[in-house]
There are 2 protein chains.
Amino acid sequence: MAVTAQRKPSKTRRIEIKKTALDIIYSEGLKKLSTHHLAAKAGISEGTIFRHFNSKKEIIGSIVKDVKAMLVTRLHDIAMQDTAPDKRLEDFICYHMQYLKENKGITILLFTEASYQNNKELKEELDEIFHLQQKYFSKIILDGILDGIWSSDISTESLASLYMGIPIILNIEINLNPVFKHDNFCYQMLTLILKALKK
Amino acid sequence: MAVTAQRKPSKTRRIEIKKTALDIIYSEGLKKLSTHHLAAKAGISEGTIFRHFNSKKEIIGSIVKDVKAMLVTRLHDIAMQDTAPDKRLEDFICYHMQYLKENKGITILLFTEASYQNNKELKEELDEIFHLQQKYFSKIILDGILDGIWSSDISTESLASLYMGIPIILNIEINLNPVFKHDNFCYQMLTLILKALKK
DNA sequence: TATACAAGTAAGTAATCACTTGCAAAGATA
DNA sequence: TATCTTTGCAAGTGATTACTTACTTGTATA
């Protein structure tokens with residue numbers, strides 16, 4: 001019979017709201033992400049949400065921004081390391097999968113929101129995230145081909161396209177199959193990619 | 001200044017409504033698929049939609065049923081042919097891509113609706129479609145391995161998972177890149193898969 | 001030609017949506 | 001202690017949602 005939520009600084013409350021939003025997306029679906037339901041799950045009133053965000057759109061925009069800061073820059077760093085390409089490829093894929101495993105609502109948000117809403121700015125953000133990931137992946141592959149460890153008669157572009165399907169598949173499998181063994185997943189995918197790259 | 005839509009038998013009208021729904025999903029996003037907007041685009045009144053379908057849910061359910069009848073059974077037939085596995089693989093992938101190219105709203109509907117709505121029956125239907133496609137794909141791969149034309153040291157299951165990412169990627173690329181050259185796409189993907197399968 | 005049914009409409013319905021308003025009170029600073 | 005800013009809430013707002021109701025009209029068949 002809570003009367004009023006504990007007062008917290010906006011910075012903290014924003015993080016809580018975004019975390020709750022991802023929980024809802026992952027466990028109940030995007031449709032349940034109403035401001036009413038989000039407030040209830042976060043233990044605050046609906047009005048309080050709009051004290052910390054100007055709009056619902058801004059909440060999603062802020063989450064996307066977090067992904068760029070946390071995931072995309074890390075993938076960039078991995079791709080640009082001066083270690084061997086096969087080592088970088090492993091780090092890249094495994095970090096990518098681990099991040100998505102630990103932030104389970106992200107994939108649904110990125111791919112569903114873009115095709116559900118018709119928000120132009122959001123679409124452009126997602127487009128950028130998508131193609132940056134492809135670009136960093138391609139960088140590693142091209143380095144490996146230049147180093148002579150991988151076959152050059154492969155379309156790097158196609159392989160990068162194929163790679164981008166993996167996060168989505170991971171998510172669908174997790175969603176449909178509750179006992180999905182995520183741990184092997186990144187190494188299984190790595191093995192397949194290495195096989196395709198073999199000279 | 002049309003007063004009343006032309007009278008058509010329910011069978012015809014249902015097809016028109018479903019076609020219009022897919023057009024909206026593809027070109028305007030799932031959010032714009034309201035019964036109000038759907039009726040306007042189909043050139044009928046909102047009430048007429050409910051003359052031919054009991055609910056909006058039933059429209060989507062009927063489209064999913066069409067996919068099972070048109071796409072899934074065709075993929076089954078291709079997988080079960082007694083031609084060479086590499087021929088079947090080519091037919092399988094190219095028919096799959098062609099179907100999705102000609103029915104552009106389907107992929108968004110299948111993958112977005114499942115994570116947007118929390119409709120249990122729909123989720124089970126989509127689960128079935130997803131895993132049947134994986135199963136038929138795996139059948140071809142296993143036949144090729146048994147015939148000795150492809151390497152046996154590959155996880156058929158992993159490859160089938162990887163394969164299922166392709167339709168989604170195709171859709172995202174088409175959406176983000178208006179001048180995407182779909183024609184090469186299925187052969188590029190086929191090449192990569194064959195490379196991974198090489199002995 | 002009379003009748004019955006199928007297919008159409010306009011104008012509703014309650015529920016839900018994102019968001020606003022006006023006010024109370026906690027916490028920091030003077 | 002007095003003041004000011006920030007964070008909270010209850011109770012709204014109009015717009016939109018899927019769907020219903022009551023009624024009209026085209027068309028096939030007796």
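A, B, ... follow the sequence lines: proteins, then strands. Residue 1 opens every chain.
- A:F50 has its CZ atom 17 Å from the P atom of D:dT13, to the nearest Å.
- For A:T191, there are no side chain to side chain donor-acceptor pair (under 3.5 Å) partners two or more places apart in sequence or in a different chain.
- Applying the side chain to side chain donor-acceptor pair (under 3.5 Å) test to B:D77 and every residue at least two apart in sequence or in another chain returns nothing.
- Judged as a side chain to side chain donor-acceptor pair (under 3.5 Å), the pairs with a partner in residues 84-93 of chain B (not counting sequence neighbours) are, in order, B:K87-B:D91, B:R88-B:D143, B:E90-B:Y187.
- Counting only residues at least two apart or in different chains, ring pair (Phe, Tyr, Trp, His ring centres under 6.0 Å) contacts with residues 46-67 of chain A are absent.
- The distance between atom CD1 of A:I49 and atom P of D:dC9, rounded to the nearest whole Å, is 10 Å.
- Considering only side-chain N and O atoms, A:T48 lies nowhere under 4.0 angstrom from the phosphate OP1 or OP2 of D:dG8.
- With sequence neighbours left out, the ring-ring contact (aromatic ring centres under 6.0 Å, His included) criterion links B:F185 to B:F180.
- The list of ring pair (Phe, Tyr, Trp, His ring centres under 6.0 Å) pairs with a residue in residues 8-37 of chain B, not counting sequence neighbours, is empty.
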Taking only N/O atoms, report every protein-nucleotides 4-6 of chain D pair under 3.5 Å with atom names and distance.
unit_1: D:dT6; atom_1: O2; unit_2: A:R7; atom_2: NH1; d: 3.2
unit_1: D:dT6; atom_1: O2; unit_2: A:R7; atom_2: NH2; d: 2.5

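- Rounded to whole angstrom, the span from the NZ atom of A:K57 across to the C1' atom of C:dC17 amounts to 14 Å.
- Summarising the geometry, the separation between CG on A:N54 and C1' on C:dT20 is reported as 13 Å, rounded to the nearest angstrom.
- For B:K101, the side chain to side chain donor-acceptor pair (under 3.5 Å) partners two or more places apart in sequence, or in a different chain, are B:D183.
- Between the NZ atom of A:K56 and the P atom of C:dC17 there is a distance of 8 Å, given to the nearest Å.
- For residues 19-44 of chain A, proximity to DNA chain D is found at A:I44, defined as any non-hydrogen atom under 4.0 angstrom from a strand atom.
- For A:E46 and D:dC9, a side-chain-to-base donor-acceptor distance below 3.5 Å is absent, hydrogens and geometry of angles not being considered.
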Wobble G-U and Watson-Crick pairs count when both distances are under 3.5 Å; given that, what is the 5' to 3' dot-bracket string of DNA chain D, with | for pairing to other strands? ||||||||||||||||||||||||||||||
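- Within the structure, every pair that satisfies the ring pair (Phe, Tyr, Trp, His ring centres under 6.0 Å) test and touches residues 61-101 of chain A, not counting sequence neighbours, is listed here: A:H76-A:Y136, A:F92-A:Y163, A:H96-A:Y163.
- The nearest whole Å value for the distance from the CD atom in B:Q6 to the C1' atom in C:dA6 is 15 Å.
- To the nearest 0.5 Å, atoms CD (B:Q81) and CD1 (B:I140) are separated by 8.5 Å.
- Considering only side-chain atoms of B:H52, the nucleotide from C:dA7, C:dC19, D:dT20 that sits closest is C:dA7.
- In terms of heavy atoms, A:S161 sits closest to B:E173 at OG-OE2, 3.1 Å.
- Contacts of B:T112 classified as side chain to side chain donor-acceptor pair (under 3.5 Å), with partners at least two apart in sequence or in another chain: A:S115.
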